[in-house]
There are 2 protein chains.
Amino acid sequence: MSDVGIVDVAARAGVSPGTVSNVLNRPEKVSPATRERVEAAIRELGFVRHGSASTLRAGHSRTIGLSVIDIGNPFFTDVTAGVEEVASDLGYAVILSNSAGSRAKEERNLLVLAEQRVRGVLITPSDEDPARLDRLRDRGISVVLVDHPPHRSDQCSVAVNDIGGGTAAVRHLMESGATSIVYVTGPLTIRQCLDRRAGAERAFGGPLRVIEMPAMTPRAGQQAAEKLIAEGGLPDAVFCANDLLALGLMRGLAHAGIRVPQDVALIGYDDIDFAAASAVALTSVRQPTHQLGRVATELLLDECDNPATHAHQQVMFQPELVIRESTR
Amino acid sequence: MSDVGIVDVAARAGVSPGTVSNVLNRPEKVSPATRERVEAAIRELGFVRHGSASTLRAGHSRTIGLSVIDIGNPFFTDVTAGVEEVASDLGYAVILSNSAGSRAKEERNLLVLAEQRVRGVLITPSDEDPARLDRLRDRGISVVLVDHPPHRSDQCSVAVNDIGGGTAAVRHLMESGATSIVYVTGPLTIRQCLDRRAGAERAFGGPLRVIEMPAMTPRAGQQAAEKLIAEGGLPDAVFCANDLLALGLMRGLAHAGIRVPQDVALIGYDDIDFAAASAVALTSVRQPTHQLGRVATELLLDECDNPATHAHQQVMFQPELVIRESTR
DNA sequence: GTCAAAAATTGAAACGTTTTTCTGACTGGA
DNA sequence: TCCAGTCAGAAAAACGTTTCAATTTTTGAC
């Protein structure tokens with residue numbers, strides 16, 4: 001139960017606590033000789049800075065929050081990896097919270113982050129209500145939207161053009177000869193789902209038949225397949241709002257003896273690693289996930305560390321169609 | 001930049017700060033009337049407790065750390081989901097860190113957790129050195145090992161019988177007629193990889209040909225396939241230390257025109273969701289991942305909240321063979 | 001209506017840092 | 001030798017909670 005504080009270190013090194021603090025936070029302000037001595041004392045005593053005391057006094061922490069919609073979705077783990085790389089480089093810790101598509105859970109998580117006095121928050125919001133985020137900002141917590149367009153112009157955001165992606169997907173299906181197309185999606189309260197539909201219908205030239213599932217998981221995809229079959233009238237092609245749905249749907253179709261792409265063409269979204277390894281390699285719309293996480297974090301930390309010079313930016317990436325067997 | 005503290009709330013409610021603190025931490029100690037009044041004040045002022053100040057004074061936080069080896073591996077995201085469920089129920093926040101298989105990174109992450117004064121740590125250690133964890137315990141931070149047998153008897157751990165799993169996997173391959181078997185694995189510094197090999201060789205009755213990759217990802221699996229082919233002498237069957245390797249290997253073999261299971265039988269480990277959806281549905285060894293996370297967290301929080309009555313436990317789950325096409 | 005015991009509330013100290021102001025101790029130019 | 005100008009380091013005051021002993025209020029039994 002070792003409990004060495006900054007004063008113990010100070011005593012050991014024969015300096016004042018203030019000097020130890022300087023060694024920790026502005027090493028350049030202290031002479032090499034004493035710095036060396038203090039660092040030795042820290043090492044010998046196994047001192048670990050008390051983050052809470054530090055945060056309390058300094059008024060801000062070295063942590064950022066990352067709130068995602070589904071940590072089980074490889075899309076978000078890829079984003080997370082990018083976030084962690086950058087944060088870690090700049091000495092920030094990341095508190096990861098998973099809203100699991102539940103607005104209530106997201107709210108609880110944001111409260112925890114606010115209590116922890118995180119420096120900033122990266123969030124893929126689970127709905128379109130900006131009020132919660134404005135409340136965070138009022139508390140002095142910077143917010144950067146991830147995979148979401150900005151609510152207003154005085155904030156940073158990093159997104160991918162989902163309308164364009166939806167358009168590209170359906171255009172490809174039509175060029176492959178499909179005339180009847182079904183859009184299988186998660187909750188249409190999620191912006192990504194809406195935008196991809198909008199893009200899809202723009203390419204299609206009219207409203208699409210839609211199957212809306214409560215989740216965007218392989219399980220939901222499989223259920224969507226049952227629904228599709230039960231409703232009768234199999235389409236030429238199915239566009240799924242993400243790859244998890246598509247993979248589940250593919251399995252569901254296979255169960256029913258329906259072949260992809262011979263009977264139904266299938267296209268997903270995200271191009272997760274597993275898309276290429278699936279039963280029939282899945283055509284998908286690739287997003288620069290890793291880059292998304294990196295850039296979002298860079299923007300956030302710039303906003304935190306250089307509030308004076310920081311210029312808010314809205315970054316928009318372009319997705320890329322990856323054609324595989326499921327649409328041939 | 002609202003900055004209401006406990007004293008503002010106290011003023012508004014016409015009570016002392018101590019009473020507000022009681023409402024927050026032991027509501028049963030304060031009369032319903034004043035409690036009501038204080039809660040109203042909290043709501044009206046939008047007060048959010050300063051977690052750092054609270055942690056500083058109380059000497060402990062309401063957060064736990066979770067350190068995993070690869071957040072991109074569905075095995076760990078499933079465990080994480082279980083952890084989060086239980087922690088969230090008991091009012092704890094989870095700080096998730098990813099060691100990405102790097103010992104140095106794990107060490108850095110543990111330091112961050114120690115600085116944050118987390119109440120306890122759930123960890124799947126990336127190597128066998130118990131020193132780092134002992135150091136945490138010396139600091140009064142409880143540690144529960146996840147997917148790892150105990151280093152000593154005075155600690156909690158939750159594991160799955162990997163030797164048994166390895167044995168079951170190879171026994172199944174042999175019963176299917178395989179006589180030459182290759183074990184494709186991640187770093188043999190990882191216990192899971194070692195144990196699964198031990199179990200595999202027990203079933204095989206002697207040493208197996210081993211291909212050791214530096215990572216346990218689909219990419220590494222694909223490279224393993226190239227290696228396997230380059231080395232010549234294709235075996236009857238391949239046992240992969242996890243499903244990611246197996247899926248990558250499957251893709252790699254397909255590229256080279258080698259068919260699974262006709263030319264080579266293939267079995268993975270973990271039974272991640274994607275195993276069933278792969279090109280050829282993958283035979284695998286299923287682990288109770290979600291349960292692993294739940295039980296580990298229950299043990300940890302019991303240790304934290306009831307140190308007096310807590311009894312250390314070492315839980316060992318049994319894996320389950322799931323047979324699919326890749327071994328038929 | 002009184003009194004002791006229990007319950008509710010108060011007030012101030014303390015948690016371990018960071019920050020700011022201030023004091024000495026050097027430096028080098030006159 | 002003196003002085004202004006630097007630079008290192010010291011000392012003490014915060015930061016916003018929780019806790020604990022002390023005090024007041026309420027309760028219940030007689």
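To find a chain, count down the sequence lines: A is the first, B the second, and so on, and within it residues start at 1.
The base of D:dT18 sits within donor-acceptor range of the side chain of B:Arg57, with an N or O pair under 3.5 Å.
Applying the salt bridge (Lys or Arg N to Asp or Glu O under 4.0 Å) rule to pairs touching residues 141-150 of chain B yields nothing, sequence neighbours excluded. Evaluation of the salt bridge (Lys or Arg N to Asp or Glu O under 4.0 Å) test over residues 77-101 of chain B, restricted to residues two or more places apart or in two chains, returns A:Lys105-B:Glu84, B:Glu85-B:Arg294. The salt bridge (Lys or Arg N to Asp or Glu O under 4.0 Å) analysis of residues 10-33 of chain A, with sequence neighbours excluded, yields the pairs A:Arg12-A:Glu44. Sorted by first and then second residue, the salt bridge (Lys or Arg N to Asp or Glu O under 4.0 Å) pairs involving residues 66-77 of chain A (not counting sequence neighbours) form an empty list.
Residue B:Arg26 places its side chain closer to D:dT19 than to any other of D:dT19, C:dG16, D:dT17.
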Restricting both atoms to N or O, compile the protein contacts to nucleotides 4-6 of chain D shorter than 3.5 Å, with distance only.
none

Table of protein N/O atoms under 3.5 Å from nucleotides 4-11 of chain C N/O atoms:
from   : atom 1 : to      : atom 2 : distance (Å)
C:dT9  : OP1    : B:Ser31 : OG     : 3.1
C:dT9  : OP1    : B:Thr34 : OG1    : 2.9
C:dT9  : OP2    : B:Ser31 : N      : 3.0
C:dT9  : OP2    : B:Thr34 : OG1    : 3.0
C:dT10 : OP2    : B:Ser16 : N      : 2.8
C:dT10 : OP2    : B:Ser16 : OG     : 3.3
C:dT10 : OP2    : B:Thr19 : OG1    : 2.6

Measure all distances between protein nitrogen or oxygen atoms and nitrogen or oxygen atoms of nucleotides 22-24 of chain C, and list the pairs falling under 3.5 Å.
none

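A:Ser21 comes within 4.0 angstrom of a nucleotide base, judged by non-hydrogen atoms across all strands.
Protein atom CD of B:Glu115 is 13 Å distant from nucleotide atom C1' of C:dG16, rounded to whole Å. In this structure, CG of A:Leu56 is placed 7 Å from P of D:dG16, rounded to the nearest angstrom. With rounding to whole Å, A:Ile6 atom CD1 is found 15 Å from D:dG9 atom P. Per the geometry, CG belonging to A:Asp3 stands 10 Å off C1' belonging to C:dC15, to the nearest Å. Between B:Arg62 atom CZ and D:dT18 atom P there is a gap of 12 Å when expressed in whole angstrom units. With rounding to whole Å, A:Glu36 atom CD is found 16 Å from D:dA8 atom P. Rounded to an integer number of Å, the gap from NE2 of A:His50 to P of C:dT18 is 12 Å. Here C:dG16 presents its P atom at 11 Å from CZ of A:Phe47, a figure rounded to the nearest Å.
A salt bridge links A:Asp305 to A:Arg119: one of the charged nitrogens lies within less than 4.0 Å of a carboxylate oxygen. Between A:Arg103 and A:Asp129, at least one side-chain N (NZ, or NE/NH1/NH2) sits under 4.0 Å from a carboxylate O, which counts as a salt bridge. The pair A:Arg152-A:Asp134 meets the salt-bridge criterion, since a charged nitrogen lies less than 4.0 angstrom from a carboxylate oxygen.
We find the CG-CZ distance between B:Leu24 and B:Phe47 to be 5.5 Å, quoted to the nearest 0.5 Å.
The phosphate of C:dT18 has OP1 or OP2 within less than 4.0 Å of a side-chain N or O from A:Arg49.
Although no hydrogens or angles enter the test, the distance criterion places a donor-acceptor pair under 3.5 Å between the side chain of B:Asn25 and the main chain of B:Ser21.
Taking the screw axis at each terminus of the helix from C:dG1-D:dC30 to C:dA30-D:dT1 from five consecutive base pairs, the angle between the two is 30° to within rounding of 10 degrees.
Scanning for side-chain hydrogen bond (donor to acceptor under 3.5 Å, both in side chains) contacts around A:Ser16 gives A:Thr19, with sequence neighbours left out. For A:Arg49, the salt bridge (Lys or Arg N to Asp or Glu O under 4.0 Å) test picks out B:Glu115, with sequence neighbours left out. Partners of B:His312 according to the ring pair (Phe, Tyr, Trp, His ring centres under 6.0 Å) rule, which considers only residues two or more places apart in sequence or in another chain, are B:His310.
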Result block: side-chain N/O donor-acceptor pairs under 3.5 angstrom for residues 94-101 of chain B, not counting sequence neighbours:
from    : atom 1 : to       : atom 2 : distance (Å)
B:Asn98 : OD1    : B:Ile71  : N      : 3.2
B:Asn98 : OD1    : B:Ala100 : N      : 3.2
B:Ser99 : OG     : B:Val68  : O      : 3.0

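Side-chain contact between B:His50 and A:Leu56 is present, with heavy atoms from C-beta onward closer than 4.5 Å.
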